[in-house]
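One structure below.
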Amino acid sequence: MAAEHRYDPAEIEPRWQRVWAEEGTWEVSNDLGGDPKSYVLVMLPYPSGEPHIGHLKVYAVGDAVAHFHRRAGRRVLNPMGYDAFGLPAENHAIKTGQHPRDSTEAAIEEFRRQFREWGLSIDWTREFGTHEPRIYRWTQWIFLELFRRGLAYQKEAAVNWDPVEETVLANEQVIDGRGERSGALVEVRQLKQWFFRITDYADRLLAELQTIRWPEHVKTMQRNWIGRSEGAEVVFHNEELRADYPVFTTRPDTLFGATFFVLAPEHPDVLRLAEGTSHEAEVREYVNRALTADKALRGDIDKEKTGVALGRTVVNPVNGEHLPMYVADYVLMEYGTGAIMAVPAHDERDFAFAEAFGLKIRRVIDDPGDPEGELPYTGNGPLVNSAPEFDGVHNREALPAIVAWLEREGKGHASINYRLRDWLISRQRYWGTPIPIVHCPRCGAVAVPDDELPVVLPDVEDYKPRGRSPLAAAEDWVRTSCPQCGGAAERETDTMDTFVDSSWYFLRYCDAANDEAAWDPAIVGRWMPVDQYIGGVEHAILHLLYARFFTKALADLGHLPEEVQEPFAALFTQGMILRDGDKMSKNKGNVVSPQSIVERYGADTARAYILFIGPPDQDADWSDTGVEGMHRFLARLYRLAAEAAGELPGDPLPDELNADDERLLRKAHWAIEKVTSDMSERFNFNTAIAAVMELLNEVTTVKRGAASAGAVRFTLASAASLIFPFAPHVASESYHLLTGDRVWERPWPSPDPRYLETATFELVLQVNGKVRDRVQAPSDASRDELIALARASERVQQFTDGSEVVKEVVVPGKLVNVVVRAS
RNA sequence: GCGGGCGUGGUGGAAUCGGUAGACACGCCGGCUUUAGGUGCCGGUGGCGCAAGCCAUGGGGGUUCAAGUCCCUCCGCCCGCACCA
């Protein structure tokens, strides 16, 4: 019998894929015709080699969501593209000489081939790679729009230099002082670079997190990264140089406790201040050492405090005291003003420094619980040793009064500081979007006119960066004329961070065929925002923050409808696939390739299994035997469908249902309800698939009985319909065998309430909270009737006899708990 | 150090609002069919116990008629941030 209806995915899957490709089943028009829309988007892949198991998982999730939304009656945009610029292809080119375009396009070809083999319901007419000139033309256009509005600018600054990749990196790409990709300790270099003014959007990026449905931990990470602090800027004056040194502090209430003043080693005035003092040589040496030390070591919080006195003082504006100045590497140039007022009594770091250097410590806040308690004290309490009008006032009340006083005296003002820095986008590398700027000795940095876009990446001999962009070697390309004055000029040779490409690709999908513009705002307005975005949590700050910034900036510039303020209305982050509790990696030799699974079991098994292992937002362990279980399940579904289709042609549901029919229909409607809620309220694909398995088990159990052909057929068709989002080929095949219809053209089933209600239910009987018996009870039974059933139970009596019944708790539809006390 | 998540059978996991712990699957044990089988089907499977029953959701305590779920405390693992003034 088994041989008669052998499940052969190698035959079934290509056959249905051909139908979908030939008919353009998953293509969607921008003319929505009044239907509700759903934009379901999985983060675009970086094409390198071939897809790995993580790709299989994330696209299985995305495709399930897309199918579910489609059959719920929405027009679904489910596109695909490639994040094609980037370092791995370029490093490969340095090693082999193969052009990054060739290796990248080979990888894209392989990705596309496998995605089609997986049967993903992609609208392939919208496909693109970010490395195509017809695409990066618009990346350059966006850059120029930002440039023209002052949101892209060039400045010389201390930047992160990755000595292995030989390029600068954005702050977001430096993890624990090391380059994100290379793992090399990052050096500080003073270089002129291009930045995007993301800090202008800090407040909106923070506040508008409230408007989107994202995992709370991702929002928290963005909030921390933006790092908003409220406080005050206070000006300290140095009399010798007649220079003002503003500081940012969140604790202006502790101003009276400032006993010294510290500058960061990078502060531009450090050497000037020390000049001519007896400390000059020592300061010079300290600064040199601090600037060359690597960032990771400097950032260690447990490191002992070091520093050198400058031999100068500043005046504390609130009390006129002269505070000694120091330079110390625990003060960071990147945050605030690169200078701090030190209040050792109420700040742990200042306290450690004061201890190490024997500096004065003055308490200005009492600990209400322990007025003579240990220092440093970072809590709240009444001010002491401050000014007569503030002593005794609680510090949190005094704080605004002190700020107001500073403002009146012109010595400071309320201020807000962010940890977020502007986004450094220049890269001294080859394989990226060229920055469309011409440097003219007379006119400065000039935008390449729009009609000359794209500035096409020139071919070069040597991809190896040598402290400057490889593009600099393309001399004919570099030499050009100034678009403004026509004089001799040179092209910018740096390329853009690849995160620029992925900051707008989701807009392009909406209007992918547009040759006249990056997109038509009206069309983008029909699709945006992305209703469900799906991807890895590793992009929690980088990509997801940049894309939000781009969306807001482009809306401000009038290129997006005003109501499009957030790119991704809902976000789902999927967990990793592990093997034996470990990450899969070539080094460990524990890699399972999607290709091998698909070849062996078919795409349906691979996709359904990966969603069945566990909740998709959690990490999951791959099991070679587990995948066979899924294959058996799909084979059983196919076989039962094929048998039923052959044996029982076209039977409708009978008018009179027998007990087995009733049982099948109840289970079917239960499963419809369960799968629907698992998919719409949560992303619980594992329990949804389990429900379909239960449904199929019910058919096997009941089949030998007296179930009518129509009921069996309906049940199997329901199972095929419900499993379709996870295993589309075998579901289409089975459904077609049973009904002659195409399952994706059928609306998502809805449960019939008549079959969800039952005349009786299993009443659980407890004595003192322990289950002692289960009996059938009428669904509409009253509390008294349920209690009567409990009392009538022999098993209950056995445990209550000889005891006093204290009370009887009734949970309607569930249980009765008889509470007794030994008498 | 701060913030967040997690801990359930041999394994992955389920238990959605405080109400039947272990759905579904893997694995394992037994049986049947067929044997060319990596097939199919049936039954069993948290632990202890002959049984009645008792015990059991990382440990300990608490609230409650009732706790995997709530509270306190401790332990372990994972993730993020970390000299941010």
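- Separation of the P atoms belonging to B:rC32 and B:rC77 is 49 Å when rounded to the nearest angstrom.
- Among the protein residues, A:R579 comes within range of no part of the nucleic acid, since none of its heavy atoms lies under 4.0 Å from any strand.
- Rounded to whole Å, atom P of B:rG13 lies 14 Å from atom CG of A:L611.
- The distance from the CD1 atom of A:I723 to the CG atom of A:D604 is 9.5 Å, given to the nearest 0.5 Å.
- Counting any heavy atom pair closer than 4.0 Å across all strands shown, A:I613 reaches sugar-phosphate atoms only and no base atom.
- Separating the P atom of B:rU11 from that of B:rC79 is a span of 22 Å, rounded to the nearest Å.
- Heavy atoms of A:E216 sit nowhere under 4.0 angstrom from any nucleic acid atom.
- Atom CG in A:N768 sits about 19 Å away from atom P in B:rG19, given to the nearest Å.
- Under a cut-off of 6.0 angstrom, the local environment of CZ in A:R223 is crowded, with over 12 non-hydrogen atoms contributed by other residues, nucleotides or ligands.
- Note: NZ (A:K583) to C1' (B:rC78) measures 11 Å, nearest angstrom.
- At whole-Å resolution of the value, CG in A:L263 and C1' in B:rA85 are 13 Å apart.
- Within the 4.0 Å cut-off from OP1 or OP2 of B:rG37, not a single side-chain nitrogen or oxygen of A:R6 is found.
- Taking atom P in both B:rG4 and B:rC70, one finds a spacing of 15 Å when rounded to whole Å.
- The number of heavy atoms from other shown groups lying within 6.0 Å of CD (A:E348) does not exceed 12.
- Counting heavy atoms of neighbouring residues, nucleotides and ligands inside a 6.0 Å radius, atom CZ of A:R791 does not exceed 12 of them.
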Exercise for review: Assess whether side chain to side chain contact (heavy atoms under 4.5 Å, CB included) is satisfied between A:V174 and A:E180, documenting all intermediate values.
Suggested key: CA-CA 5 Å; A:V174 178; A:E180 183 197 30; over 6 Å; no
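- Atoms CD (A:E233) and P (B:rA85) sit 14 Å apart, rounded to a whole Å.
- In this structure, CG of A:L763 is placed 12 Å from C1' of B:rG19, rounded to the nearest angstrom.
- The residue among A:D619 and A:H217 whose nearest nucleotide of RNA chain B is located toward the 5' end is A:H217.
- Using a 4.0 Å heavy-atom cutoff across all strands shown, A:Y601 reaches at least one base atom of the nucleic acid.
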**Study point:** Dot-bracket pairing map - RNA chain B, Watson-Crick plus G-U, both contacts under 3.5 Å, | cross-strand
**Key:** (((((((..(((......[....)))((((((.......))))))(((....)))..(((((..]....))))))))))))....
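- Rounded to a whole angstrom, the distance from the P atom of B:rG61 to that of B:rU16 is 26 Å.
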Which protein N or O atoms sit under 3.5 Å from an N or O of nucleotides 80-83 of chain B?
unit_1: B:rC81; atom_1: O3'; unit_2: A:R419; atom_2: NH2; d: 3.2
unit_1: B:rA82; atom_1: OP1; unit_2: A:R419; atom_2: NH2; d: 2.2
unit_1: B:rC83; atom_1: OP2; unit_2: A:G299; atom_2: O; d: 3.0
unit_1: B:rC83; atom_1: O3'; unit_2: A:R349; atom_2: NH1; d: 2.6
unit_1: B:rC83; atom_1: O2'; unit_2: A:Y330; atom_2: O; d: 2.9
unit_1: B:rC83; atom_1: O2; unit_2: A:K305; atom_2: NZ; d: 2.5
unit_1: B:rC83; atom_1: N3; unit_2: A:K305; atom_2: NZ; d: 3.1
unit_1: B:rC83; atom_1: N4; unit_2: A:R298; atom_2: O; d: 3.3

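- Here A:R223 lies out of heavy-atom contact (under 4.0 Å) with every strand.
- Side chains of A:L399 and A:V403 form a contact here, defined as non-hydrogen atoms less than 4.5 Å apart.
- Note on A:E698 versus A:R663: salt bridge recorded, some NZ/NE/NH1/NH2 to OD/OE distance being below 4.0 Å.
- Note: A:F357 and A:F353 have parallel aromatic rings, judged against thresholds of 30 and 60 degrees for the angle between ring planes.
- Remark: the separation of the C1' atoms in B:rG76 and B:rG60 is 15 Å, to the nearest Å.
- Each of A:D678 and A:V809 lies near RNA chain B, and the nucleotide nearest A:D678 is the one positioned closer to the 5' end.
- Atom CG of A:L815 and atom P of B:rG18 are 15 Å apart (whole Å).
- Rounded to whole Å, the C1' atom of B:rG10 lies 36 Å from the corresponding atom of B:rC65.
- Electrostatic pairing of A:D329 and A:K305 does not count as a salt bridge here, judged by no charged N lying under 4.0 Å from a carboxylate O.
- Rounded to whole Å, the C1' atom of B:rG37 lies 50 Å from the corresponding atom of B:rG59.
- Between A:Y7 and A:Y638, the two ring planes are tilted [angle within 30° to 60°].
- Using atom P as the reference point in both B:rU39 and B:rC26, the two lie 11 Å apart (nearest Å).
- A donor-acceptor pair shorter than 3.5 Å cannot be found between the side chains of A:Y609 and A:E628.
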Study note, to complete from the structure: Per-nt protein contacts along nucleotides 21-33 of chain B (heavy atom under 4.0 Å; B base, S backbone sugar-phosphate only, - none) come out as S-BBSSS------
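- Nucleic acid contact class of A:K674 (heavy atoms, under 4.0 Å, all strands): base.
- A:R783 places its CZ atom 16 Å from the P atom of B:rG19, with the value rounded to the nearest Å.
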